[in-house]
Amino acid sequence: MSVKWGLIGASTIARQFMINAIRAQEGGEITVVMSSNPERAKVYAGENGIPLAVSSVDDLLNADIDAAYISTTNELHLEQALAAIKAGKHVLCEKPLALTSADARKMVAAAKAAGIVLGTNHHLRNAGAHRAMRDAIASGRIGKPIAARVFHAVYLPETLQGWRITKPEAGGGVVLDITVHDADTLRFVLGDDPVEVSAFAQAAGMAGSGLEDGAMCIWRFKSGLIAQSHEGFTTRYADTGFEVHGSEGSLIGRTVMTQKPIGSVTLRTAKGDEDLSFDREDLYVRSLRQFHAAIRGEGHPSATGEDGVWSLTSAEAALQSAGSGKAVKIDPKLGSMK
Ligand code: NDP
């Protein structure tokens with residue numbers, strides 16, 4: 001089956017990972033790229049071997065495409081996704097789906113009404129490490145999960161020190177950038193949903209304009225499990241990790257909150273330590289494979305639109321909590337609630 005893609009946004013993530021992931025699929029083709037700047041569109045198309053460069057969403061949607069990948073800055077996702085859905089194109093949208101969970105719910109409703117596939121590009125669900133932890137928990141290897149810890153504070157590369165740290169109106173800040181991933185990965189690995197969050201945020205010297213560049217969140221899940229997550233742009237020397245501690249064992253993932261299929265997962269029980277083996281497939285290639293299958297009517301994208309609503313509702317609740325100093329309830333049907 002051929003799937004012709006249009007790229008909405010001449011972005012870094014598309015250049016670094018998604019163009020390759022699309023082309024790695026049988027029948028996966030990129031026919032057009034859109035940048036708001038015609039010159040940038042042309043240069044980007046030339047550098048990446050994309051036949052057509054356009055500078056409006058309308059022109060992109062009128063081109064020969066089946067699906068649109070949206071990786072513009074966050075404030076643009078809603079309008080662009082609604083236009084693509086209206087044109088009957090399948091949509092894989094970057095996280096966060098929108099600036100508010102109410103807008104994300106609009107996208108999901110529109111996609112459902114149009115009968116098109118909508119996915120959220122939460123790459124970590126496609127990591128072998130996280131799938132190994134999810135399987136170990138689901139098969140009871142750590143008994144009853146009690147607590148989880150996520151270490152996802154990184155150093156934002158200089159090339160990305162733009163809108164993320166300067167533009168609140170573009171959906172900058174570490175919570176919309178990284179906390180959304182942590183909320184999604186916790187839901188995926190634990191097979192559980194967050195119901196409440198309490199968060200502290202900081203501006204540790206990199207972000208301006210009132211944006212946060214560090215956050216620590218404490219989450220309560222439906223099952224009673226509690227989790228903590230640390231997201232940051234300014235910690236140059238920190239490692240990443242993901243741990244789940246249960247009544248009969250612990251899972252210790254090291255260097256696993258990353259875009260690459262690296263890291264390790266140790267299962268620690270009364271029997272000792274066991275290194276879990278897991279597949280090392282490119283995360284984004286797997287994401288695209290699932291998406292193409294969903295277009296064929298086989299299953300769902302690895303993270304659906306609804307998953308994107310969950311992660312954005314969770315991040316929104318974390319931001320509210322950081323602002324108010326109070327714990328905030330999470331309900332994806334209603335948004336976050338003080
Ligand atoms: P970029 O800053 O690279 O691109 C975002 C937009 O900025 C582009 O659409 C482009 O606008 C504009 N832009 C990019 N480079 C330049 C430049 N040199 N000069 C002028 N304008 C430029 O963003 P990212 O690729 O880092 O992020 C894009 C989206 O993807 C965000 O929603 C982000 O949250 C998400 N993301 C997701 C990741 C994941 O693993 N799931 C990882 C990284 C990002 P135009 O298209 O109009 O030219």
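Read the numbers this way: they start at 1 and go in the same order the structure lists the ligands and their atoms.
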is_close_aromatic(Tyr284, His123), centroid dist under 6.0 Å: yes
His122-His181 aromatic ring centre distance below 6.0 Å: yes
State the atoms of ligand 1, each with its element, that fall below the 4.0 Å cut-off from a heavy-atom position in [X].
X	value
Gln259	40 (O), 42 (C)
Ser36	45 (P), 47 (O), 48 (O)
Gly9	9 (O), 46 (O)
His181	39 (C), 41 (N)
Asn121	41 (N)
Thr72	9 (O), 28 (C), 29 (C), 31 (C), 32 (O)
Leu160	26 (O)
Asp177	34 (O)

Considering [options] one by one, which has a heavy atom nearer to [atom] than any of the others?
atom	options	answer
atom 40 (O) of ligand 1	Phe17, Tyr69, Tyr284	Tyr284
atom 4 (O) of ligand 1	Ser287, Pro157, Ser11	Ser11
atom 34 (O) of ligand 1	Gln16, Glu75, Lys95, His123	Lys95

Are [X] and [Y] linked by a side-chain donor-acceptor pair shorter than 3.5 Å?
X	Y	value
His245	Glu243	yes
Asp192	Ser223	yes
Trp5	Thr31	no

Spell out, as yes or no, whether a donor-acceptor pair under 3.5 Å connects the side chain of [X] to the backbone of [Y].
X	Y	result
Glu316	Ser101	yes
Thr304	Gly119	no
Lys95	Asp177	yes

Which residue and heavy atom of the protein sit nearest [atom], plus the separation:
atom	value
atom 8 (C) of ligand 1	Ala10 O, 3.8 Å
atom 3 (O) of ligand 1	Thr12 OG1, 2.4 Å
atom 13 (N) of ligand 1	Arg40 NH2, 3.4 Å
atom 28 (C) of ligand 1	Ser71 O, 3.1 Å
atom 6 (C) of ligand 1	Thr73 CG2, 4.0 Å
atom 30 (O) of ligand 1	Glu94 CG, 3.2 Å
atom 48 (O) of ligand 1	Ser35 OG, 2.4 Å

Return a table of donor-acceptor pairs under 3.5 angstrom between the side chains of residues 127-135 and protein atoms on other chains or two or more places apart.
{"residue": "His130", "atom": "NE2", "partner": "Val256", "partner atom": "O", "Å": "3.1"}
{"residue": "Arg131", "atom": "NH2", "partner": "Asp279", "partner atom": "OD2", "Å": "2.6"}
{"residue": "Arg134", "atom": "NH1", "partner": "Phe188", "partner atom": "O", "Å": "2.5"}

Can we say [X] and [Y] salt-bridge, meaning some charged N sits less than 4.0 Å from an Asp/Glu carboxylate O?
X	Y	answer
Asp193	Lys222	yes
Asp307	Arg125	yes
Lys329	Glu196	yes

Do ligand 1 and [X] have nitrogen or oxygen atoms that lie under 3.5 Å from each other?
X	value
Ile13	yes
Asn37	no
Ala14	no
Asn74	yes
Arg164	yes

Return all side-chain donor-acceptor pairs below 3.5 angstrom for residues 78-92, not counting sequence neighbours, or 'none' if the list is empty.
{"residue": "Gln80", "atom": "OE1", "partner": "Thr72", "partner atom": "OG1", "Å": "2.7"}
{"residue": "Lys89", "atom": "NZ", "partner": "Ile65", "partner atom": "O", "Å": "3.0"}
{"residue": "His90", "atom": "ND1", "partner": "Val117", "partner atom": "N", "Å": "2.9"}

Going by heavy atoms, is [X] under 4.0 Å from ligand 1?
X	answer
Gly162	no
Tyr44	no
Arg15	no
Trp163	yes

Neighbour count above 12 (heavy atom, 6.0 Å) for Tyr155 OH: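 Check passes, neighbour count above 12.
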Ser55/Glu39 under side chain to side chain contact (heavy atoms under 4.5 Å, CB included): CA gap, chis, key distance, verdict: CA-CA 9 Å; Ser55 57; Glu39 195 47 42; over 6 Å; no
Where Leu312 and Pro96 come nearest, the two heavy atoms and their spacing: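 Heavy atoms of Leu312 and Pro96 come nearest at CD1-CB, 3.9 Å.
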